[in-house]
Amino acid sequence: APSPSKRLVRGEVLPAAMQVAEQGYVNPKWEAARVEVRSRHVMLLHFSNESEPPMLFERVHDTDTWFVDVFAGGQILPPTVIYQHLERLGVAPDEREPYTTPVPPASVWVRMLRNLTAHTRDVDAQRSYVWQCISYGLEQPQQVQTPNGPSHEKQD
């Protein structure tokens with residue numbers, strides 16, 4: 001593997017590994033792969049199984065703003081599309097900021113953990129509580145419900 005300071009060269013092919021799994025993240029395993037450098041901002045990940053198409057990775061400019069549509073499988077959307085959606089919902093251009101402000105990574109993790117907590121609550125209370133505990137320290141203290149009874153205030 002190249003050192004972090006090594007410059008990648010167009011056309012260079014580097015060895016790689018990719019963790020793959022069946023749907024539902026069942027039977028995860030590592031597979032050999034290779035990364036083909038197409039440009040400073042574009043790389044292709046080729047799997048050892050040549051019947052699978054390569055995955056394209058394209059880096060956008062660091063200062064560009066892009067949005068992840070969590071309701072469309074994580075589709076990446078440019079600002080113009082978001083502004084059009086907001087306009088259709090009746091949000092005026094001068095009222096966009098609350099809807100377009102970047103979300104800190106910790107907030108994304110907390111939201112994911114809340115979703116896991118809610119999803120597992122009725123099926124496995126103990127697992128639900130584990131997801132809830134993992135979120136400790138990522139947000140402000142609040143009341144939490146233990147699987148065995150009374151709520152308490154979590155500590156950071």
Side-chain angles (χ1 to χ4, degrees), residues 1 4 14-35 41-156:
L14 304 167
M18 180 76 171
Q19 190 172 31
V20 296
E22 296 169 25
Q23 187 171 355
Y25 200 69
V26 175
N27 299 324
K29 62 183 177 181
W30 287 95
E31 287 193 7
R34 65 186 194 288
V35 174
H41 300 285
V42 178
M43 292 188 282
L44 283 176
L45 176 66
H46 297 271
F47 297 96
S48 57
N49 176 358
E50 293 294 330
S51 66
E52 294 292 325
M55 294 177 70
L56 174 70
F57 292 89
E58 185 172 3
R59 180 176 182 218
V60 296
H61 193 274
D62 291 342
T63 59
D64 285 351
T65 301
W66 291 80
F67 298 88
V68 179
D69 186 346
V70 297
F71 300 106
Q75 183 178 7
I76 306 297
L77 303 173
T80 53
V81 172
I82 297 301
Y83 298 154
Q84 290 168 357
H85 286 308
L86 290 172
E87 186 177 325
R88 280 196 299 273
L89 292 170
V91 177
D94 61 338
E95 298 172 347
R96 289 180 186 159
E97 187 176 353
Y99 303 98
T100 59
T101 302
V103 178
S107 295
V108 174
W109 281 107
V110 167
R111 175 66 185 263
M112 291 169 57
L113 291 168
R114 278 192 198 131
N115 289 345
L116 287 168
T117 300
H119 179 72
T120 56
R121 184 174 292 128
D122 294 335
V123 179
D124 185 342
Q126 189 61 40
R127 181 169 285 176
S128 177
Y129 182 65
V130 168
W131 291 125
Q132 189 176 26
C133 290
I134 291 171
S135 70
Y136 287 5
L138 294 177
E139 61 180 343
Q140 298 298 319
Q142 67 180 23
Q143 294 292 323
V144 294
Q145 181 67 37
T146 67
N148 299 324
S151 64
H152 62 281
E153 183 166 308
K154 69 180 183 177
Q155 303 295 314
D156 286 342

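The side-chain contact (heavy atoms from CB on, under 4.5 Å) test applied to M55 returns M18, L45, F47, F57, not counting sequence neighbours. The side-chain contact (heavy atoms from CB on, under 4.5 Å) check on D124 picks up Q126, R127, with sequence neighbours excluded. A search for side-chain contact (heavy atoms from CB on, under 4.5 Å) contacts involving T117 returns R121, S128, W131, Q132, not counting sequence neighbours. Annotation: side-chain contact (heavy atoms from CB on, under 4.5 Å) contacts of E97 (sequence neighbours excluded): T101.
For the pairing with M112, the side-chain contact (heavy atoms from CB on, under 4.5 Å) check across N115, V108, V110 returns one residue only, V108.
When every heavy atom of P98 is checked against every heavy atom of E95, the shortest pair comes out as CD-O, 3.3 Å.
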Report all side-chain donor-acceptor pairs from residues 73-89 shorter than 3.5 Å, counting only partners two or more places apart or in another chain.
from : atom 1 : to  : atom 2 : distance (Å)
H85  : ND1    : R88 : NH2    : 2.6

